[in-house]
Amino acid sequence: MLKTYELIDCTNTVFSAFIVCSAILVLKMLAMSYLTSNQRFRTQTFSSPEDAVFSERSEVNFDNEDVNRVRRAHRNDMENILPYLTIGLLYVLTDPLPWVAKSCFVTATVARILHTIVYAVYVIRQPARAICFYVQWIITIYFAVATILFYGRYLV
């Protein structure tokens, strides 16, 4: 009987690079929840009355800019990383050039991490955030177009 890991070609360096970078991005997204919670406790602003019991100084407040900035960064991750992970997996199936694919995976991962840093951790003026956003966004578009071109030929 075949074991599950025998069905996956772990020697495929493109797939392995995608898996590692995807796992890093998932951990980064999970860290955003912690960062939001940390900001809420730091500023003593919570989104529900039952959470406001942690301190006498705390209050229910939806307008704290520090908390909202982290939440916007997290939402931006969900809007961009989730499509990237989906199309990235499909792109791997096109049997791309290894150096191109691996370079794209690493570059997109670094860009998303830097995007969070310059947006929610250590705020830097534009165009720092825009550059980080567009680097990953362009790579996602490239993956989508390459995948369409590769598999589109089978539609005819």
Side-chain angles (χ1 to χ4, degrees), residues 4-5 8-94 96 98-147:
T4 304
Y5 67 85
I8 299 171
D9 181 8
C10 295
T11 62
N12 181 336
T13 60
V14 171
F15 183 65
S16 295
F18 173 73
I19 294 298
V20 169
C21 289
S22 295
I24 290 169
L25 289 173
V26 167
L27 287 173
K28 187 211 125 1
M29 285 180 63
L30 290 172
M32 295 304 292
S33 298
Y34 170 77
L35 192 56
T36 302
S37 176
N38 190 44
Q39 285 292 70
R40 287 193 185 284
F41 278 97
R42 189 181 65 73
T43 62
Q44 295 296 300
T45 54
F46 299 95
S47 61
S48 59
E50 62 270 16
D51 294 338
V53 300
F54 288 113
S55 170
E56 291 179 11
R57 300 182 298 129
S58 64
E59 61 180 315
V60 175
N61 182 351
F62 296 99
D63 296 324
N64 183 287
E65 179 54 27
D66 293 331
V67 174
N68 286 338
R69 177 173 288 277
V70 175
R71 292 181 72 225
R72 287 191 307 267
H74 193 184
R75 185 176 64 224
N76 189 279
D77 278 351
M78 290 185 288
E79 293 169 350
N80 291 282
I81 291 175
L82 297 176
Y84 168 82
L85 295 177
T86 303
I87 198 62
L89 179 59
L90 298 176
Y91 174 71
V92 168
L93 299 175
T94 68
W99 71 271
V100 172
K102 291 190 282 187
S103 296
C104 287
F105 296 145
V106 170
T107 301
T109 301
V110 170
R112 285 313 304 183
I113 291 168
L114 289 174
H115 179 271
T116 296
I117 290 170
V118 302
Y119 192 14
V121 177
Y122 183 75
V123 180
I124 297 177
R125 291 181 17 201
Q126 288 287 25
R129 187 175 85 230
I131 291 168
C132 295
F133 171 84
Y134 281 112
V135 165
Q136 187 261 329
W137 186 79
I138 290 168
I139 290 170
T140 303
I141 298 295
Y142 166 71
F143 287 173
V145 170
T147 302

**Q** Cut-off 3.5 Å, no hydrogens considered: what does the side-chain donor-acceptor table look like for residues 130-137, sequence neighbours left out?
**A**
unit_1 : atom_1 : unit_2 : atom_2 : d
Gln136 : NE2    : Asn80  : O      : 3.4
Gln136 : NE2    : Thr140 : OG1    : 3.0

**Q** Name the one of Ile87, Ile138, Thr86 that satisfies side-chain contact (heavy atoms from CB on, under 4.5 Å) with Phe143?
**A**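 Single pass found, and it is Ile87.
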**Q** Could you pull out all residues at least two apart from Arg72 that satisfy side chain to side chain donor-acceptor pair (under 3.5 Å)?
**A**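 Expected list: Glu65, Tyr119.
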**Q** Show which side-chain atoms of residues 100-111 pair as donor or acceptor with protein atoms under 3.5 Å away, not counting sequence neighbours.
**A**
unit_1 : atom_1 : unit_2 : atom_2 : d
Ser103 : OG     : Trp99  : O      : 2.6
Thr107 : OG1    : Ser103 : O      : 2.7
Thr109 : OG1    : Phe105 : O      : 2.8

**Q** Suppose the criterion is salt bridge (Lys or Arg N to Asp or Glu O under 4.0 Å): which pairs have a residue in residues 14-25, not counting sequence neighbours?
**A**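 Residue pairs with at least one partner in residues 14-25: there are none.
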**Q** Just by distance, do the side chain of Thr94 and the backbone of Leu90 share a donor-acceptor pair under 3.5 Å?
**A**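 No, Thr94 side chain to Leu90 backbone: no donor-acceptor pair under 3.5 Å.
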**Q** Got a sec, which pairs hit salt bridge (Lys or Arg N to Asp or Glu O under 4.0 Å) with one end in residues 123-143, sequence neighbours left out?
**A**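 Output for this query is empty, none listed.
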**Q** In Å, rounded to the nearest 0.5 Å, how long is the span from OG1 of Thr147 to OH of Tyr142?
**A**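 Reported value, rounded in 0.5 Å steps: 9.0 Å.
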**Q** Check residues 22-36 and write down every donor-acceptor pair under 3.5 Å in which the side-chain atom is one partner and the other belongs to a residue at least two apart or another chain.
**A**
unit_1 : atom_1 : unit_2 : atom_2 : d
Ser22  : OG     : Phe18  : O      : 2.7
Lys28  : NZ     : Asp77  : OD1    : 3.4
Lys28  : NZ     : Asp77  : OD2    : 2.4
Lys28  : NZ     : Thr116 : OG1    : 2.5
Thr36  : OG1    : Met32  : O      : 2.9

**Q** Output the distance between atom CZ (Arg71) and atom NE2 (His74), rounded to the nearest 0.5 Å.
**A**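 The NE2 atom of His74 is 10.0 Å from CZ of Arg71, to the nearest 0.5 Å.
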